[in-house]
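All remarks here apply to the structure that follows.
As the structure lists them, so they are numbered: ligands from 1, and atoms in each ligand from 1.
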Amino acid sequence: MSASADPRLAVDFCGLDFQTPLVLLSGCVGFGEEYTRVEGFSNRDAGAVCLKGTTGAPRPGNPPHRVFETPGGLLNAIGLQNPGVDRVVDEILPTLDFSETRFIANVSGSTLEEYEQVTRRFDDSPIDAIEINISCPNVREGGVAFGNDPEMSARVVEVCRRATDKPLITKLSPNQTDIAANARRCIEAGTDAFSVINTLMGMAIDIESRTPVLGNDQGGLSGPAIKPVALLKVHQVYQVARPHGIPIIGQGGVTCAEDAIEFLIAGATAVGVGTALFYDPLVCRRINQGILDYLDRHGLARVGQITGSLRLNRASTAGCVC
Ligand SMILES: Cc1cc2nc3c(=O)[nH]c(=O)nc-3n(C[C@H](O)[C@H](O)[C@H](O)COP(=O)(O)O)c2cc1C
């Protein structure tokens, strides 16, 4: 039996049955087919696959360079390149094998109306759940401009909530002062779940030309460099989400089972894998097996028992760290 078929790895996420707690992250797997040509890769090793960010009209994305490797991380400024929601629903979704895994749409927009329109279009499709990206740092309008303001975040959630009965997952930005306050407003506005976190804003500079390396000047940092930030944000959002039974997809820099287990302990129900897929498309197999080994070593019957099991050293993590 492959690790992903082991029932101890199964989790319930907003009523969806994930066969493992792993989620392939938006922007890192195209529209669900990207790695299926790689020998040994299977979408069945993931509980869910998040499709690339989708807008109302097609978007060509940003000018090059769009990605740049940094120590321990990856800067990207793709600019939400996508063929538009109609093509995704009419031409791409029918090609996906829904028996392999759950598929999650990732919705972006420049206006509230666009978020609502794209969500409504996905509502009338076989997609399993809808993630709203209010935290994209790579577009000039919308994206992180919505996500860094709790009131605007809540308004996006409200309009999307009206447009769908499918599970609604709000993807929170780490580029804000108080992520817990934002999460609270999104819960009031009707979100069913959270993704925590999107990329951190960053820049790289070419010292010869004295220009930013990325065509968009700034981009989003992902990969191992952001993992400690992501863990703290998951812990903070979990405090707010737990009383409402609202689950979290923890993400940011996961490359191995130990990373994934840290996110589960911090409060995540599911764990996202993104940048790591670029250098090891088969990484999910190892992570699933590593989680099973951990369950054995700790005498646990299922992965859900790890979620939120953090034992703090202090009553509050908000103390002075200097
Ligand atoms: C090249 C690239 C493209 C991305 N595109 C999107 C996107 O379209 N929508 C979105 O919500 N997040 C997008 N992300 C963010 C990832 O889904 C994820 O939240 C982030 O990279 C942190 O996880 P990681 O460190 O495991 O990659 C993108 C990330 C990368 C590296």
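In terms of polar-atom proximity, defined here as any N/O pair under 3.5 Å, F278 makes no such contact with ligand 1. Looking at ligand 1, you won't find any N or O of V67 less than 3.5 Å from one of its N or O atoms.
Q117 contributes no side-chain N or O that, together with a main-chain N or O of E113, makes up a donor-acceptor pair within less than 3.5 Å.
Put simply, part of I197 is less than 4.0 Å from ligand 1, judged by heavy atoms. The shell of residues lying under 4.0 angstrom from ligand 1, judged by heavy atoms, excludes A276.
Test N198, N182, N148 against S173 for side-chain hydrogen bond (donor to acceptor under 3.5 Å, both in side chains) and you get one pass: N148.
Which parts of ligand 1 touch T199 is read off a 4.0 Å heavy-atom cut-off, strictly below it: atoms 20 (C), 21 (O). With ligand atoms numbered from 1 in the order given, ligand 1 contributes 9 (N), 10 (C), 11 (O) to contacts under 4.0 Å with heavy atoms of N133. Those atoms of ligand 1 that come under 4.0 Å of a heavy atom in G223, given as number and element, are 25 (O). For ligand 1, the atoms closer than 4.0 angstrom to any heavy atom of L80 are 8 (O). Using a 4.0 Å cut-off to heavy atoms of Q251, the atoms of ligand 1 that qualify are 18 (C), 19 (O). Atom numbering of ligand 1 starts at 1 in the shown order; those under 4.0 Å from a heavy atom of K171 are 10 (C), 11 (O), 12 (N), 15 (C), 16 (C), 17 (O), 18 (C), 19 (O). Which parts of ligand 1 touch G253 is read off a 4.0 Å heavy-atom cut-off, strictly below it: atoms 24 (P), 25 (O), 26 (O). Atoms of ligand 1 found under 4.0 Å from any heavy atom of G252, numbered from 1 in the order shown, are 22 (C), 23 (O), 25 (O).
Both the backbone and the side chain of T275 come within contact range of ligand 1, each with a heavy atom under 4.0 Å. Under 4.0 angstrom from ligand 1, there are no non-hydrogen atoms of K227.
With atom 16 (C) of ligand 1 as the reference point, the heavy atom nearest to it among G27, C50, S26, S173 is part of S26.
Sorted by first and then second residue, the salt bridge (charged side-chain N to carboxylate O under 4.0 Å, His left out) pairs with a member in residues 192-203 read R161-D192; sequence neighbours excluded.
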Pair R285-D45, salt bridge (charged side-chain N to carboxylate O under 4.0 Å, His left out): steps then yes or no: CA-CA 6 Å; R285 292 203 163 173; D45 290 329; 2.9 Å; yes
